[in-house]
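Encoded as C-alpha cells, the structure appears first; notes follow it.
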Amino acid sequence: MIELMLQLGDNAIIDYLLIALMILFVFIFTFTSKSQKSKRMMVKKPIIKTELICIECGFKEIRDFKEGDYIAKETEETCKRCGGKMKINLIYSLEEKKEKKRIL
Amino acid sequence: MIFQLPNDSMGIIIQTIYILLFFVLIFFGQRIQLQLTLMELGNMIGQLDRMRINARNETYGKLKKYAKKEELLKDIFERVLNSFVIFPESMDPAGIVQKMEHIMDTRENRFLNDVKRMLNNPDIDEASLKTLSNMVEATMALDMLYKIALHFYLLAKKTGNFYIAVQLQMQAPLIFSFAKAYLQAVYAFKEGAPVGDSVGPLVVSKFIEGKKIKKHHKEFVKDTDVYELEHLKRKIYVVKASGPGGNVGKPGEAIKKLLEKNKNSIKIVIMIDAALKLEGEKTGSVAEGVGAAIGGIGVEKFKIEEVVTKFEVPLYAIIIKMSLAEAISIIKKEIAETYEDVIKRIERVIEEETEEGDKIILAGIGNTVGVP
Ligand SMILES: [Zn+2]
C-alpha cells in the first residue's frame, strides 16, 4: 500500500482522492452499522386477534382483541350464519409481514 | 489545485502522515477502540433506558386506572421496583429446596399484598390483580437488567478497562433479546392476553373443553385447579394453574398430592410445557420425551421428580418449542394452533402406555394468563 502511495506520490490529485475515499468509507461504515442496529432494537406493539367460534355450528370469525377477552369466554357476538352464541376459540398475535424483509 | 505544493514535498508530507498514523495506531490503538466501544455501549444503554422507562410508564399507567389514591401508588410502586430476594445459602445443600420454596412463597405473598396495597381497591378481582402483579414483575426484571448493564458500562468508563467494555459488548445481543422480551411481556400482561408460555395450560384447557367434567377441585393446592374426567375409558386428572389471571400455580405440589392420595393406582403422568428452542428450530414444533417438563427455579421440578420416583410412576413430557422472547410475549398464531396436534399426541401416549380403567395425571405447565 505504502509502496503504491510512493509511486503515485507525484500525482497529488490521486492522493486527495484516496484520502477522500477513505473518509467516505469510514462514514458509510459507521452510519450503516448504526442504523441497522437500531432497527434490530425496535419493539413494535403487537397486533392481537381473537378467533371466535360458534357453539352451535362451528362457524369461525376473527376480530381484534378486546380487553377482558380470554379463551373459552362466551362473548356477546352472535354467529353470522345461524345466530347462535359465540365463544373465544383462540387468541394470538400476528406479525407484520413488512418486518420480515431480508437484508443480504 | 487548491494547495499549490511542489510534487515531491507533497509526497514527503503524505509519507510522514502514514508513518505517524502507523505509530498512533500501535500505541493508542486500544484506547481508540475503547472509546469506540464505549460510544456503542452508550447508545445501547440509552436504548435500554428508553425501554425501561417505556415499561415503567405502561405499568404505572395501567395501575393508575385501578388505583384509588395516587400518592400511595407512587410510593409503593417505587419501593416494590427496588425490592430484592436473597436466595438461601447453598454451601450445605440438604433441604435447600424447602428453604427456596419458603422464601419464594414469602416473596410472592409480600409482592401480591404490596400490589393490593398500592391499588387500595377492594373491588378488583383476583385475576386482574395477578395479571397486574405479573406486569410489575416484568417491569422489575427490565429495571434490573438496565441497572446491571449500566453498572458494567460505568465501570468500564471509570477504569478505562478495555476488557470490561468488550465483555459487555459481547453480551449486548443477549441483553437486548432479554430486554425486548421483558418489554413485550409488559405489553402482553397489560392486555391480559395469553403469552407463549401459556401454551401448556391452553392445551389442557382445550383438552377438557366439551368433555364432561366429573369434579372440579378449585384451589386443589394454592393457585392450582384439578379437573377429574373420564376419557378413552380412563380416569384423567387434569392439573392446571387457576386462570384467567397471570399465574403459574403449584403444579408440582398438586401432582404430589394426587399421587399420594391415589396410592399406586396412577399409571402415568404426562406434562405439557413450552420449551426453549434452538436457533434454527421452528417455532411451534412439538416434541415428545420423558422427564419433568417444567421451568422456574426448580422447586416444583424437584417435587415432581421426587414423588414419581417414590411411587415409580413413568413421567412423559410433550413440549412446544419457542424462543425466550416468544415465551413471554403474546402467543403467536403458530404456537396457539399446535393445540390440536398436542391433544392428538396426548391421546396416543395414553393409548400406548395405559389400559382401560387406568388413572392418569395430565398437567399443563406455564403461566395461565388469558386461559381459564
Ligand atoms: Zn353458528
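Throughout, protein chains are lettered first and strands after them, A, B, ... in sequence-line order, and every chain is numbered starting at 1. When reading the values below, keep in mind they use all heavy atoms of this one structure, side chains included, and skip hydrogens, waters and symmetry mates.
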Is it the case that more than 12 heavy atoms not belonging to B/Phe178 sit under 6.0 Å from its CZ atom?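 Open: at most 12 neighbouring heavy atoms sit under 6.0 Å from CZ of B/Phe178.
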Are there over 12 heavy-atom neighbours, none belonging to B/Lys211, within less than 6.0 Å of that residue's NZ?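 It does: B/Lys211 NZ has more than 12 such atoms within range.
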Looking at A/Glu51 and B/Lys333, does any basic side-chain N land under 4.0 Å from a carboxylate oxygen?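 Result for this pair is no, no salt bridge flagged.
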What's the spacing between [X] [atom1] and [Y] [atom2] if we round to 0.5 Å?
{"X": "B/Ile331", "Y": "A/Ile71", "atom1": "CD1", "atom2": "CD1", "result": "6.5 Å"}
{"X": "A/Tyr92", "Y": "B/Glu337", "atom1": "OH", "atom2": "CD", "result": "6.0 Å"}
{"X": "B/Glu191", "Y": "A/Phe65", "atom1": "CD", "atom2": "CZ", "result": "6.0 Å"}
{"X": "A/Leu94", "Y": "B/Ile330", "atom1": "CG", "atom2": "CD1", "result": "11.0 Å"}
{"X": "A/Tyr70", "Y": "B/Ser205", "atom1": "OH", "atom2": "OG", "result": "10.5 Å"}

Heavy atoms only, distances under 4.5 angstrom: which of B/Ser177, B/Gly192, B/Pro372 has the most pairs with chain A? Name it, please.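 If we count pairs closer than 4.5 Å to chain A, B/Pro372 comes out on top.
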Residue B/Glu58 versus chain A: region with a heavy atom under 4.5 Å: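 Contact with chain A involves the side chain of B/Glu58 alone.
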Portion of B/Leu202 that has a non-hydrogen atom of chain A nearer than 4.5 angstrom: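 Side chain only.
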Please name the pair of heavy atoms, one in [X] and one in [Y], separated by the smallest distance, quoted to 0.1 Å.
{"X": "A/Ile88", "Y": "B/Lys206", "value": "O-NZ, 4.5 Å"}
{"X": "B/Ala193", "Y": "A/Ile48", "value": "CB-CG2, 4.4 Å"}
{"X": "B/Glu209", "Y": "A/Lys87", "value": "OE2-NZ, 3.2 Å"}

